[in-house]
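Notes follow once the structure below has been shown.
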There are 2 protein chains.
Amino acid sequence: MMQTDSASPPEPRKPLSRERVLRAALRLADDGGLSALSMRKVGAELGVEAMSLYNHIRNKEDIVAGITDLVAGEIDLPTPDFDWKGQMRTRSQSAHRVLMRHPWAAAQFQSGRTPGPQMMTYLDATLGCLMAVGFTPAQADHARNTIDNHIYGFTLQSLTRPTRVREISRQAKRALKDIPKASYPNLYRRTEDLANAADPEAEDFDFGLTLILDGLDALTRR
Amino acid sequence: MMQTDSASPPEPRKPLSRERVLRAALRLADDGGLSALSMRKVGAELGVEAMSLYNHIRNKEDIVAGITDLVAGEIDLPTPDFDWKGQMRTRSQSAHRVLMRHPWAAAQFQSGRTPGPQMMTYLDATLGCLMAVGFTPAQADHARNTIDNHIYGFTLQSLTRPTRVREISRQAKRALKDIPKASYPNLYRRTEDLANAADPEAEDFDFGLTLILDGLDALTRR
DNA sequence: GCCTCCGCACTTACAGCGTACACCACATGA
DNA sequence: TCATGTGGTGTACGCTGTAAGTGCGGAGGC
């Protein structure tokens, strides 16, 4: 009789937990996108059947909400400060970086389902920073909204675009063939521009952001 | 022998076509969202089996791209005009209205897949309007991007929010119970504000839009 | 008129999805 | 020693997109 029992040691298998389920799900979503996230795959990742997960989470929606909140927790929080524009700028850049690490997350943030605790902390800190320098609650909310729309929109855009500078130019050149110059002259001209630019300004996240912050600044002075 | 043939007349059933498939799909998506859009349901809507659709469209992705372009065609195009801010404002409001009619579409617009002809026409007109008043191609693109991010973001926000003013206040009051005042003081204060506001300014789409347009205006004058 | 071809709808089938439900091993407390 | 409950498993249902093969009906060539 083989000692298969001792040959393959019991491997007591850490007990499942909401935490462990969410971690595994986050890993799957990060490489492969939300469409690669299935109950069966999360189970497999943990060496467990799909149905076992339901002892720790309500359903798939609960998982997505959970990992979205995990991501929210990675963003650097702004603090009340005289230099509120600087605070908003760094928090925006932090959020952008985080969302680029988790490409599936930006769409979730934007859809704005019922936020988890980390997301609420993040919202609260942002509102707090703005209200501390004189924004009314309503103004602060509008400001935050405008800034966030920019962050999410820009990030989603960046995720589609090819990353490397060289690639942008190459892709622009290829796109030119598909754009009938006669039908879309302006689009053509812009793409032409992109194709020829030596250094297509890669990161002008700041373009829109500065626009918005300066606009808000003008409002507070009014 | 019953004359079932003449009793239920042949009903020659208009032939399928890409156009008819997309129309049916658009109807389904509009009431029920993208998740209510399945090949079998589109087929049923047309009195046809699911697989028959594949004679006219490549796959489901093709359908979604198709109806997204249909929606893009509904937006009023800007025209070159000295009052470019007015043009941008009306086109933004038009886009917002259209996207509210097709709640599933905003996310598609934002994801920015390979655009269809109507979408390209729309992009081209916008770029053209901006370049006509002196924006460089790159500037025009950045401007359009910033404006569009605001449109899409705000629209997605509006779609989550309850429509009627009364409802907003009611929901804010309910939300207050779920917000621990101690943990999220600023969020609490803003929600409190919303709950008590007699007329929570429903439509301040213009808040952020004006911010952005004025910012762009300042750039052109520089 | 007949034959042949082909466009287009139909049928069947498969792999994958979320999850309801029944079952059972095992640890715990009485 | 037995009841109880916690947390895993197995099976099953209805749904999804779509690959592959079938067959009907009308159009074009002789």
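Here is the naming used below: chain letters follow the sequence lines, and residue numbers restart at 1 for every chain. The structure displayed is predicted, hence computed values, not measured ones.
In this entry the distance linking CD1 of A:I57 with P of D:dG8 reads 12 Å, nearest Å. Distance CZ (A:R58) to P (C:dG18): 17 Å, rounded to an integer number of Å. Counting to the nearest Å, the C1' atom of C:dA13 and the CD atom of B:E49 are 14 Å from each other. Put simply, CG on B:L34 is 15 Å from C1' on D:dT16, counting in whole angstrom units. Atoms CG (B:L28) and P (D:dG17) sit 11 Å apart, rounded to a whole Å. Nucleotide D:dT9 holds its C1' atom 13 Å from the CG atom of A:L16, rounded to whole Å. Between the CE atom of B:M39 and the P atom of C:dT12 there is a distance of 19 Å, given to the nearest Å. Here the P atom of nucleotide D:dT16 and the CD1 atom of B:I63 are 13 Å apart, to the nearest Å.
Between B:R170 and B:E167 there is a salt bridge, since a side-chain N of the basic residue sits under 4.0 Å from a carboxylate O of the acidic one. Ion pairing of A:D30 with A:R27 is absent here, as no side-chain N (NZ or NE/NH1/NH2) approaches a carboxylate O to less than 4.0 Å. Salt bridge annotation for A:E49-A:R40: absent, with no cationic side-chain nitrogen under 4.0 angstrom from a carboxylate oxygen.
Of the candidates C:dG18, D:dT9, C:dC10, the closest approach to any side-chain atom of B:V48 belongs to C:dC10. Looking at the side chain of A:K60, the nearest of the listed nucleotides C:dT19, D:dT9, D:dT18 is C:dT19. For B:M51, the listed nucleotide lying nearest its side chain is C:dC10; candidates were C:dC10, D:dG10, D:dG17. For B:N55, taking side-chain heavy atoms from C-beta onward, the closest of the listed nucleotides C:dA9, D:dG17, C:dC10 is C:dA9.
In this structure, B:L37 reaches the sugar-phosphate backbone alone: every heavy-atom distance under 4.0 Å involves primed, P, OP1 or OP2 atoms, never a base. Residue contacts shown for B:L53 are absent, as no nucleic acid heavy atom lies under 4.0 Å away.
The aromatic rings of B:F154 and B:H150 sit tilted relative to each other, their planes meeting at an angle between 30° and 60°.
Between A:S52 and the phosphate of D:dT9, there is a side-chain N or O to OP1/OP2 separation shorter than 4.0 Å. Phosphate proximity of D:dT16 to B:R40: present, with a side-chain N or O under 4.0 Å from OP1 or OP2. Under 4.0 angstrom from either OP1 or OP2 of D:dT6 there lies no side-chain N or O belonging to A:H56.
Side-chain contact between B:H102 and B:L26 is present, with heavy atoms from C-beta onward closer than 4.5 Å.
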